[in-house]
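Have a look at the structure below before the remarks.
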Amino acid sequence: MVQPGSIAEEAGVEAGDFLMAINNKSIKDVFDYRYYQASEELLLEIEKSHGEIWEIEIDKDENEELGLEFEDSLIDGAKSCTNKCIFCFIDQLPKGMRETVYFKDDDSRLSFLTGNYVTLTNIKKDELKRIIHYRMSPINVSVHTTNPDLRRFMLGNRFAGDVLDKIRMLTDNGIEVNCQIVLCRNINDSEELDRTIADLSAQAPGIGSISIVPVGISRHRENLFDLVPFDKDSSFKVIEQVHRWQARLLKEKGTRLVYLSDEFYINAQVELPRFKDYEGFPQIENGVGMVAVLKKEVMDTLRHIKGGTLSEKRHISIATGRLVKKIILQLVEEIKSKFHGLEVEVYDIENNFFGPHVTVSGLLTGQDIAAQLTGRLLGQELLISRSMLRAGEEVLLDDYTVRQLEGELGVKIRIVDSGGENFVNALIGK
(Lines give C-alpha, C1' and ligand atoms only; values in the text may rest on other atoms or scores of the structure.)
Protein backbone atom coordinates (compact mmCIF):
# COMPACT_ATOMS: atom_id res chain seq x y z
CA MET A 1 0.00 0.00 0.00
CA VAL A 2 0.92 3.68 -0.23
CA GLN A 3 0.29 5.77 2.85
CA PRO A 4 -2.30 8.54 2.28
CA GLY A 5 -0.75 11.98 1.99
CA SER A 6 2.77 10.59 1.64
CA ILE A 7 5.49 11.69 -0.77
CA ALA A 8 5.00 8.49 -2.76
CA GLU A 9 1.27 9.10 -3.16
CA GLU A 10 1.88 12.66 -4.36
CA ALA A 11 4.39 11.28 -6.90
CA GLY A 12 1.79 8.91 -8.34
CA VAL A 13 2.98 5.62 -6.83
CA GLU A 14 0.07 3.22 -6.29
CA ALA A 15 -0.61 -0.09 -4.58
CA GLY A 16 0.30 -2.86 -7.01
CA ASP A 17 3.31 -1.01 -8.45
CA PHE A 18 6.77 -2.62 -8.33
CA LEU A 19 9.79 -0.76 -6.92
CA MET A 20 12.72 -1.63 -9.19
CA ALA A 21 15.49 0.72 -8.04
CA ILE A 22 16.38 3.84 -6.07
CA ASN A 23 19.16 6.03 -7.50
CA ASN A 24 20.00 3.21 -9.93
CA LYS A 25 20.51 0.78 -7.03
CA SER A 26 18.40 -2.36 -7.19
CA ILE A 27 16.39 -3.15 -4.06
CA LYS A 28 17.04 -6.59 -2.64
CA ASP A 29 15.22 -6.22 0.64
CA VAL A 30 13.83 -3.80 3.20
CA PHE A 31 17.32 -2.80 4.38
CA ASP A 32 18.31 -1.65 0.89
CA TYR A 33 15.07 0.29 0.71
CA ARG A 34 15.52 1.99 4.07
CA TYR A 35 19.16 2.83 3.35
CA TYR A 36 18.67 4.33 -0.11
CA GLN A 37 15.39 6.11 0.56
CA ALA A 38 17.01 8.13 3.37
CA SER A 39 18.74 10.45 0.85
CA GLU A 40 17.43 13.91 0.06
CA GLU A 41 17.49 13.46 -3.73
CA LEU A 42 15.95 10.29 -5.13
CA LEU A 43 15.34 8.79 -8.53
CA LEU A 44 12.72 6.04 -8.23
CA GLU A 45 12.33 3.46 -10.96
CA ILE A 46 8.79 2.12 -10.74
CA GLU A 47 7.09 -0.53 -12.84
CA LYS A 48 3.39 0.27 -12.92
CA SER A 49 0.85 -2.51 -12.54
CA HIS A 50 0.09 -2.31 -16.28
CA GLY A 51 3.79 -2.76 -17.16
CA GLU A 52 4.84 0.82 -17.93
CA ILE A 53 8.18 1.97 -16.43
CA TRP A 54 8.21 5.33 -14.65
CA GLU A 55 11.23 7.31 -13.45
CA ILE A 56 10.27 9.67 -10.65
CA GLU A 57 12.56 12.40 -9.27
CA ILE A 58 11.94 13.31 -5.63
CA ASP A 59 13.45 16.02 -3.40
CA LYS A 60 12.76 15.60 0.29
CA ASP A 61 14.24 16.03 3.75
CA GLU A 62 16.94 13.59 4.77
CA ASN A 63 15.45 10.45 6.41
CA GLU A 64 11.92 11.56 5.51
CA GLU A 65 9.85 8.47 4.73
CA LEU A 66 8.49 7.88 1.24
CA GLY A 67 5.38 6.14 2.57
CA LEU A 68 5.65 2.75 0.87
CA GLU A 69 4.52 -0.49 2.52
CA PHE A 70 5.48 -3.73 0.81
CA GLU A 71 3.54 -6.93 0.31
CA ASP A 72 6.23 -8.78 2.27
CA SER A 73 7.78 -6.96 5.23
CA LEU A 74 11.27 -8.07 4.15
CA ILE A 75 10.45 -7.48 0.46
CA ASP A 76 12.20 -10.68 -0.69
CA GLY A 77 10.70 -13.11 1.84
CA ALA A 78 12.21 -14.76 4.91
CA LYS A 79 15.04 -17.26 4.59
CA SER A 80 14.05 -20.72 5.68
CA CYS A 81 16.08 -22.94 7.97
CA THR A 82 18.37 -25.52 6.37
CA ASN A 83 19.16 -27.35 9.60
CA LYS A 84 17.84 -30.66 10.91
CA CYS A 85 18.16 -29.90 14.62
CA ILE A 86 17.70 -32.85 16.93
CA PHE A 87 15.63 -30.64 19.26
CA CYS A 88 13.56 -28.62 16.75
CA PHE A 89 10.12 -27.95 18.24
CA ILE A 90 8.49 -27.43 14.85
CA ASP A 91 9.41 -31.02 13.95
CA GLN A 92 7.42 -32.02 17.05
CA LEU A 93 4.17 -30.41 15.94
CA PRO A 94 1.23 -32.67 15.11
CA LYS A 95 -0.14 -32.80 11.59
CA GLY A 96 -3.18 -30.80 10.56
CA MET A 97 -2.31 -27.41 12.03
CA ARG A 98 -2.35 -24.24 9.91
CA GLU A 99 0.43 -24.15 7.35
CA THR A 100 2.25 -21.10 8.70
CA VAL A 101 3.23 -22.78 12.00
CA TYR A 102 5.41 -25.28 10.12
CA PHE A 103 7.61 -22.62 8.51
CA LYS A 104 11.12 -22.53 10.01
CA ASP A 105 12.73 -19.13 9.55
CA ASP A 106 16.47 -18.58 9.95
CA ASP A 107 16.91 -15.01 8.76
CA SER A 108 19.36 -12.56 10.35
CA ARG A 109 17.19 -9.65 9.24
CA LEU A 110 14.28 -10.97 11.31
CA SER A 111 16.68 -11.31 14.22
CA PHE A 112 17.35 -7.58 14.02
CA LEU A 113 13.77 -6.54 13.24
CA THR A 114 11.77 -8.83 15.53
CA GLY A 115 14.26 -10.50 17.87
CA ASN A 116 14.15 -13.97 16.26
CA TYR A 117 17.09 -16.31 16.85
CA VAL A 118 19.25 -17.39 13.92
CA THR A 119 21.89 -20.10 13.58
CA LEU A 120 24.10 -18.35 10.96
CA THR A 121 24.45 -21.66 9.10
CA ASN A 122 22.86 -20.35 5.90
CA ILE A 123 24.73 -17.07 5.77
CA LYS A 124 27.84 -16.37 3.71
CA LYS A 125 30.65 -13.88 4.31
CA ASP A 126 29.11 -11.29 1.99
CA GLU A 127 25.89 -11.40 3.99
CA LEU A 128 27.82 -10.97 7.24
CA LYS A 129 29.41 -7.88 5.68
CA ARG A 130 25.93 -6.66 4.83
CA ILE A 131 24.86 -6.98 8.48
CA ILE A 132 27.90 -4.94 9.44
CA HIS A 133 27.33 -2.36 6.69
CA TYR A 134 23.71 -1.76 7.70
CA ARG A 135 24.52 -1.91 11.43
CA MET A 136 21.94 -4.63 12.15
CA SER A 137 22.66 -4.70 15.86
CA PRO A 138 21.89 -6.54 18.04
CA ILE A 139 21.63 -9.99 16.44
CA ASN A 140 20.32 -13.00 18.39
CA VAL A 141 22.20 -16.21 17.60
CA SER A 142 21.21 -19.76 18.49
CA VAL A 143 24.61 -21.19 19.40
CA HIS A 144 23.79 -24.27 21.52
CA THR A 145 27.43 -25.35 21.58
CA THR A 146 30.79 -24.01 20.42
CA ASN A 147 32.19 -27.52 19.92
CA PRO A 148 32.27 -27.67 16.09
CA ASP A 149 31.65 -31.43 15.83
CA LEU A 150 28.89 -31.39 18.42
CA ARG A 151 27.20 -28.40 16.78
CA ARG A 152 27.26 -30.13 13.37
CA PHE A 153 25.57 -33.09 15.02
CA MET A 154 22.99 -31.10 17.00
CA LEU A 155 22.01 -28.94 14.02
CA GLY A 156 22.25 -31.76 11.49
CA ASN A 157 24.27 -29.49 9.22
CA ARG A 158 27.86 -30.04 8.09
CA PHE A 159 28.30 -26.27 7.74
CA ALA A 160 27.38 -25.51 11.36
CA GLY A 161 30.84 -25.77 12.93
CA ASP A 162 32.13 -22.23 12.29
CA VAL A 163 29.71 -20.28 14.48
CA LEU A 164 32.47 -18.78 16.65
CA ASP A 165 34.28 -17.39 13.61
CA LYS A 166 31.08 -15.78 12.32
CA ILE A 167 30.23 -14.34 15.72
CA ARG A 168 33.76 -12.97 16.03
CA MET A 169 33.48 -11.26 12.65
CA LEU A 170 30.29 -9.55 13.85
CA THR A 171 31.54 -8.53 17.29
CA ASP A 172 34.91 -7.32 15.95
CA ASN A 173 32.95 -4.93 13.74
CA GLY A 174 30.72 -3.50 16.43
CA ILE A 175 27.66 -5.75 16.10
CA GLU A 176 26.32 -6.86 19.48
CA VAL A 177 25.40 -10.54 19.64
CA ASN A 178 23.04 -12.14 22.15
CA CYS A 179 23.44 -15.90 22.32
CA GLN A 180 20.97 -18.66 23.07
CA ILE A 181 21.72 -22.19 24.23
CA VAL A 182 18.93 -24.76 24.01
CA LEU A 183 20.19 -27.20 26.60
CA CYS A 184 19.72 -30.89 25.85
CA ARG A 185 20.31 -33.24 28.72
CA ASN A 186 23.40 -35.47 28.37
CA ILE A 187 24.30 -33.81 25.05
CA ASN A 188 25.46 -30.19 25.36
CA ASP A 189 25.28 -29.79 29.15
CA SER A 190 27.90 -30.40 31.87
CA GLU A 191 31.45 -30.08 30.47
CA GLU A 192 30.17 -29.05 27.05
CA LEU A 193 28.20 -26.21 28.63
CA ASP A 194 31.34 -25.06 30.46
CA ARG A 195 33.20 -25.00 27.15
CA THR A 196 30.45 -23.03 25.42
CA ILE A 197 30.17 -20.41 28.18
CA ALA A 198 33.98 -20.05 28.29
CA ASP A 199 34.24 -19.58 24.52
CA LEU A 200 31.40 -17.07 24.32
CA SER A 201 32.28 -15.06 27.42
CA ALA A 202 35.79 -14.60 26.02
CA GLN A 203 34.18 -12.39 23.35
CA ALA A 204 32.41 -10.09 25.81
CA PRO A 205 31.49 -7.24 25.67
CA GLY A 206 30.75 -8.00 22.00
CA ILE A 207 28.65 -10.84 23.35
CA GLY A 208 25.93 -8.92 25.16
CA SER A 209 24.26 -11.84 26.93
CA ILE A 210 23.89 -15.62 26.93
CA SER A 211 20.59 -17.30 27.74
CA ILE A 212 20.10 -20.98 28.51
CA VAL A 213 16.71 -22.60 28.04
CA PRO A 214 15.73 -26.26 28.51
CA VAL A 215 14.83 -28.23 25.40
CA GLY A 216 11.10 -28.37 24.72
CA ILE A 217 9.80 -31.91 24.24
CA SER A 218 6.35 -32.59 22.86
CA ARG A 219 4.55 -35.94 22.65
CA HIS A 220 4.87 -35.92 18.84
CA ARG A 221 8.42 -37.27 18.48
CA GLU A 222 7.93 -40.30 16.30
CA ASN A 223 11.18 -41.17 14.47
CA LEU A 224 13.01 -38.24 16.07
CA PHE A 225 16.14 -38.22 18.22
CA ASP A 226 15.55 -39.50 21.75
CA LEU A 227 15.68 -36.57 24.17
CA VAL A 228 15.40 -36.63 27.96
CA PRO A 229 13.53 -33.80 29.72
CA PHE A 230 15.11 -31.93 32.63
CA ASP A 231 13.73 -32.95 36.01
CA LYS A 232 14.14 -31.44 39.46
CA ASP A 233 17.64 -32.81 40.16
CA SER A 234 19.10 -32.17 36.71
CA SER A 235 17.66 -28.65 36.70
CA PHE A 236 19.27 -27.98 40.07
CA LYS A 237 22.68 -29.12 38.76
CA VAL A 238 22.40 -26.71 35.85
CA ILE A 239 21.53 -23.88 38.24
CA GLU A 240 24.57 -24.61 40.41
CA GLN A 241 26.83 -24.74 37.34
CA VAL A 242 25.56 -21.48 35.87
CA HIS A 243 25.62 -19.66 39.21
CA ARG A 244 29.31 -20.53 39.52
CA TRP A 245 29.88 -18.97 36.11
CA GLN A 246 27.86 -15.89 37.07
CA ALA A 247 29.97 -15.32 40.18
CA ARG A 248 33.19 -15.70 38.17
CA LEU A 249 32.07 -13.44 35.31
CA LEU A 250 30.70 -10.78 37.66
CA LYS A 251 34.13 -10.61 39.29
CA GLU A 252 36.12 -10.69 36.02
CA LYS A 253 33.91 -8.68 33.67
CA GLY A 254 31.48 -6.81 35.89
CA THR A 255 28.45 -8.68 34.52
CA ARG A 256 26.83 -12.07 35.07
CA LEU A 257 26.47 -12.32 31.28
CA VAL A 258 24.84 -15.78 31.32
CA TYR A 259 21.27 -16.31 32.52
CA LEU A 260 18.89 -19.22 32.91
CA SER A 261 15.27 -19.28 31.84
CA ASP A 262 12.70 -19.27 34.63
CA GLU A 263 11.78 -22.87 33.85
CA PHE A 264 14.99 -24.24 35.38
CA TYR A 265 14.29 -22.59 38.76
CA ILE A 266 10.64 -23.58 38.81
CA ASN A 267 11.45 -27.18 37.89
CA ALA A 268 14.14 -27.33 40.57
CA GLN A 269 11.73 -25.78 43.09
CA VAL A 270 14.25 -23.14 44.15
CA GLU A 271 13.84 -19.40 44.54
CA LEU A 272 14.29 -17.37 41.38
CA PRO A 273 17.01 -14.68 41.21
CA ARG A 274 16.32 -11.16 42.40
CA PHE A 275 15.04 -8.55 39.96
CA LYS A 276 18.40 -6.74 39.89
CA ASP A 277 20.31 -9.95 39.19
CA TYR A 278 18.98 -9.97 35.62
CA GLU A 279 20.87 -6.75 34.78
CA GLY A 280 18.28 -5.15 32.56
CA PHE A 281 16.67 -8.38 31.28
CA PRO A 282 18.52 -8.64 27.94
CA GLN A 283 16.64 -11.80 26.89
CA ILE A 284 13.31 -11.59 28.69
CA GLU A 285 11.49 -12.63 25.49
CA ASN A 286 13.29 -15.95 25.83
CA GLY A 287 11.67 -16.62 29.20
CA VAL A 288 14.62 -15.24 31.18
CA GLY A 289 13.33 -13.20 34.11
CA MET A 290 9.67 -12.98 33.14
CA VAL A 291 8.53 -14.09 36.60
CA ALA A 292 10.75 -11.54 38.35
CA VAL A 293 9.37 -8.75 36.18
CA LEU A 294 5.75 -9.84 36.69
CA LYS A 295 6.17 -10.04 40.46
CA LYS A 296 7.77 -6.60 40.66
CA GLU A 297 5.15 -5.02 38.43
CA VAL A 298 2.33 -6.51 40.48
CA MET A 299 3.83 -5.34 43.78
CA ASP A 300 4.59 -1.87 42.37
CA THR A 301 1.00 -1.59 41.15
CA LEU A 302 -0.39 -2.64 44.53
CA ARG A 303 1.76 -0.05 46.29
CA HIS A 304 0.37 2.75 44.16
CA ILE A 305 -3.27 1.76 43.96
CA LYS A 306 -5.98 2.35 46.55
CA GLY A 307 -7.31 -0.88 48.02
CA GLY A 308 -10.43 -1.69 49.96
CA THR A 309 -13.68 -3.51 49.33
CA LEU A 310 -14.77 -3.83 45.72
CA SER A 311 -17.99 -2.00 44.89
CA GLU A 312 -19.38 -5.31 43.60
CA LYS A 313 -18.26 -8.75 44.68
CA ARG A 314 -16.18 -10.37 41.98
CA HIS A 315 -15.78 -14.10 41.33
CA ILE A 316 -13.46 -15.00 38.44
CA SER A 317 -11.21 -17.79 37.20
CA ILE A 318 -7.79 -18.03 35.56
CA ALA A 319 -6.52 -20.63 33.09
CA THR A 320 -2.74 -20.97 33.11
CA GLY A 321 0.03 -23.39 32.27
CA ARG A 322 1.22 -25.79 34.95
CA LEU A 323 4.67 -24.20 35.10
CA VAL A 324 3.50 -20.97 36.71
CA LYS A 325 0.43 -22.00 38.70
CA LYS A 326 2.18 -21.62 42.06
CA ILE A 327 3.42 -18.14 41.11
CA ILE A 328 -0.02 -17.08 39.89
CA LEU A 329 -1.55 -18.29 43.18
CA GLN A 330 0.98 -16.23 45.16
CA LEU A 331 0.21 -13.09 43.18
CA VAL A 332 -3.54 -13.66 43.49
CA GLU A 333 -3.20 -13.84 47.28
CA GLU A 334 -1.25 -10.55 47.30
CA ILE A 335 -4.01 -8.89 45.30
CA LYS A 336 -6.81 -10.40 47.41
CA SER A 337 -5.13 -9.12 50.59
CA LYS A 338 -5.62 -5.56 49.31
CA PHE A 339 -9.02 -5.95 47.67
CA HIS A 340 -11.85 -7.55 49.61
CA GLY A 341 -14.80 -9.15 47.85
CA LEU A 342 -12.56 -10.89 45.31
CA GLU A 343 -12.76 -14.65 44.79
CA VAL A 344 -10.43 -16.31 42.28
CA GLU A 345 -10.20 -19.87 40.99
CA VAL A 346 -6.83 -20.74 39.40
CA TYR A 347 -6.80 -23.73 37.06
CA ASP A 348 -3.59 -25.16 35.65
CA ILE A 349 -4.25 -26.81 32.29
CA GLU A 350 -2.40 -29.97 31.38
CA ASN A 351 -1.15 -29.75 27.82
CA ASN A 352 -2.59 -32.91 26.25
CA PHE A 353 -2.15 -31.41 22.77
CA PHE A 354 1.65 -31.19 22.98
CA GLY A 355 2.19 -33.52 25.92
CA PRO A 356 2.85 -33.27 29.67
CA HIS A 357 6.43 -31.98 29.29
CA VAL A 358 5.10 -28.75 27.72
CA THR A 359 3.97 -26.67 30.69
CA VAL A 360 4.13 -23.02 29.56
CA SER A 361 0.95 -20.97 29.18
CA GLY A 362 1.82 -19.73 25.70
CA LEU A 363 1.46 -23.21 24.20
CA LEU A 364 -1.96 -24.04 25.62
CA THR A 365 -4.73 -24.86 23.17
CA GLY A 366 -8.43 -24.14 23.11
CA GLN A 367 -9.38 -27.80 23.06
CA ASP A 368 -7.42 -28.52 26.26
CA ILE A 369 -8.88 -25.50 28.04
CA ALA A 370 -12.40 -26.45 26.94
CA ALA A 371 -12.05 -30.11 27.92
CA GLN A 372 -10.57 -29.44 31.35
CA LEU A 373 -12.74 -26.49 32.39
CA THR A 374 -16.13 -27.78 31.23
CA GLY A 375 -18.30 -28.13 34.30
CA ARG A 376 -15.83 -26.30 36.57
CA LEU A 377 -16.63 -23.26 38.68
CA LEU A 378 -15.57 -20.34 36.44
CA GLY A 379 -17.39 -17.36 37.96
CA GLN A 380 -18.19 -14.20 36.03
CA GLU A 381 -15.09 -14.23 33.80
CA LEU A 382 -12.32 -16.56 32.72
CA LEU A 383 -8.95 -14.85 32.34
CA ILE A 384 -6.44 -16.09 29.76
CA SER A 385 -3.08 -14.65 28.75
CA ARG A 386 -2.59 -12.82 25.46
CA SER A 387 0.45 -15.08 24.95
CA MET A 388 -1.90 -17.97 24.14
CA LEU A 389 -3.24 -16.20 21.06
CA ARG A 390 -2.00 -15.71 17.52
CA ALA A 391 -0.51 -12.21 17.14
CA GLY A 392 -3.19 -9.66 16.37
CA GLU A 393 -6.03 -12.19 16.53
CA GLU A 394 -8.25 -13.90 19.09
CA VAL A 395 -7.31 -17.39 17.92
CA LEU A 396 -5.40 -20.06 19.87
CA LEU A 397 -2.74 -22.40 18.48
CA ASP A 398 -5.24 -25.09 17.48
CA ASP A 399 -7.46 -22.53 15.67
CA TYR A 400 -9.99 -22.40 18.49
CA THR A 401 -11.39 -18.87 18.64
CA VAL A 402 -12.01 -17.06 21.89
CA ARG A 403 -15.68 -16.75 20.94
CA GLN A 404 -15.86 -20.52 20.36
CA LEU A 405 -14.30 -21.12 23.76
CA GLU A 406 -16.78 -18.77 25.41
CA GLY A 407 -19.64 -20.64 23.80
CA GLU A 408 -18.45 -24.05 24.97
CA LEU A 409 -17.67 -22.96 28.51
CA GLY A 410 -20.60 -20.57 28.91
CA VAL A 411 -18.48 -17.81 30.40
CA LYS A 412 -17.09 -14.49 29.26
CA ILE A 413 -13.37 -14.67 28.50
CA ARG A 414 -11.11 -11.74 29.31
CA ILE A 415 -7.77 -11.55 27.49
CA VAL A 416 -5.03 -10.21 29.76
CA ASP A 417 -2.12 -8.37 28.18
CA SER A 418 1.35 -8.88 29.61
CA GLY A 419 2.44 -6.81 32.58
CA GLY A 420 1.72 -6.72 36.29
CA GLU A 421 -0.56 -3.69 36.14
CA ASN A 422 -2.74 -5.39 33.52
CA PHE A 423 -2.89 -8.50 35.69
CA VAL A 424 -4.02 -6.56 38.76
CA ASN A 425 -6.61 -4.56 36.77
CA ALA A 426 -8.00 -7.74 35.20
CA LEU A 427 -8.51 -9.34 38.60
CA ILE A 428 -10.29 -6.38 40.14
CA GLY A 429 -12.39 -5.76 37.03
CA LYS A 430 -10.91 -2.40 36.16
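Since the structure is predicted, the reported quantities are computational estimates derived from the model, not experimental observations.
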Does the distance from a Lys or Arg side-chain N to an Asp or Glu carboxylate O, for [X] and [Y], drop under 4.0 Å?
| X | Y | value |
| --- | --- | --- |
| Asp300 | Lys296 | yes |
| Arg244 | Asp194 | no |
| Arg322 | Glu350 | yes |
| Glu279 | Arg256 | yes |
| Lys166 | Asp162 | yes |
| Arg390 | Asp399 | yes |
| Glu127 | Lys124 | no |
| Lys84 | Asp91 | no |
| Glu333 | Lys336 | yes |
| Arg195 | Glu191 | no |

Can you classify the ring geometry of His243 versus Tyr265 as parallel (below 30°), tilted (30 to 60°) or perpendicular (above 60°)?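 The rings of His243 and Tyr265 sit tilted, inter-plane angle from 30° to 60°.
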
On the 0 to 90° scale, with breaks at 30° and 60°, tag the Phe264-Phe230 ring pair as parallel, tilted or perpendicular.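 It falls in the perpendicular class, over 60°.
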
Close side-chain approach of [X] and [Y], heavy atoms under 4.5 Å:
| X | Y | result |
| --- | --- | --- |
| Phe87 | His144 | yes |
| Gln203 | Ile167 | yes |
| Val141 | Thr119 | no |
| Asp32 | Val30 | no |
| Tyr259 | Phe281 | no |
| Gln180 | Val143 | no |
| Met169 | Lys125 | yes |
| Phe354 | Ile217 | no |

For a quick test of reading the model, state the closest non-hydrogen atom pair linking Asp398 to Gly366 and the distance between them. OD1-N, 3.1 Å

Closest heavy-atom pair, Ala319 versus Ile349, reported as atoms and distance to 0.1 Å, is CB-CG1, 4.2 Å

Do [X] and [Y] have a side chain donor and acceptor closer than 3.5 Å?
| X | Y | result |
| --- | --- | --- |
| Asn422 | Asp417 | no |
| Thr196 | Asp199 | no |
| Ser49 | Glu14 | no |
| Asn122 | Thr82 | no |
| Thr145 | Asn188 | no |
| Asn178 | Gln283 | no |
| Gln3 | Glu9 | no |
| Glu381 | His315 | no |
| Thr320 | Ser361 | yes |

Residue Glu393 excluded, over 12 heavy atoms near CD under 6.0 Å: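 Yes, because the 6.0 Å sphere around CD of Glu393 holds more than 12 heavy atoms from other groups.
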
Taking the ring of His133 and the ring of Tyr35, is the distance between their centroids below 6.0 Å?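 Centroid separation for Tyr35 and His133: below 6.0 Å.
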
With a 3.5 Å distance limit and no angle check, can you tell me whether [X] reaches the backbone of [Y] through a side-chain donor-acceptor pair?
| X | Y | result |
| --- | --- | --- |
| Asp262 | Met290 | yes |
| Arg414 | Ile384 | no |
| Asp368 | Asn352 | yes |

Walk me through whether Ile318 and Lys325 qualify under side chain to side chain contact (heavy atoms under 4.5 Å, CB included). CA-CA 10 Å; Ile318 299 173; Lys325 181 185 179 181; over 6 Å; no

Knowing that exactly one of Glu394, Glu408, Gln367 qualifies, which makes a side chain to side chain donor-acceptor pair (under 3.5 Å) with Tyr400? Glu408

Criterion side chain to side chain contact (heavy atoms under 4.5 Å, CB included) on Asn147 and Glu192, from CA distance to verdict: CA-CA 8 Å; Asn147 179 334; Glu192 289 293 346; 3.2 Å; yes

Verdict with reasoning, Leu260 to Val213, per side chain to side chain contact (heavy atoms under 4.5 Å, CB included): CA-CA 6 Å; Leu260 289 168; Val213 302; over 6 Å; no

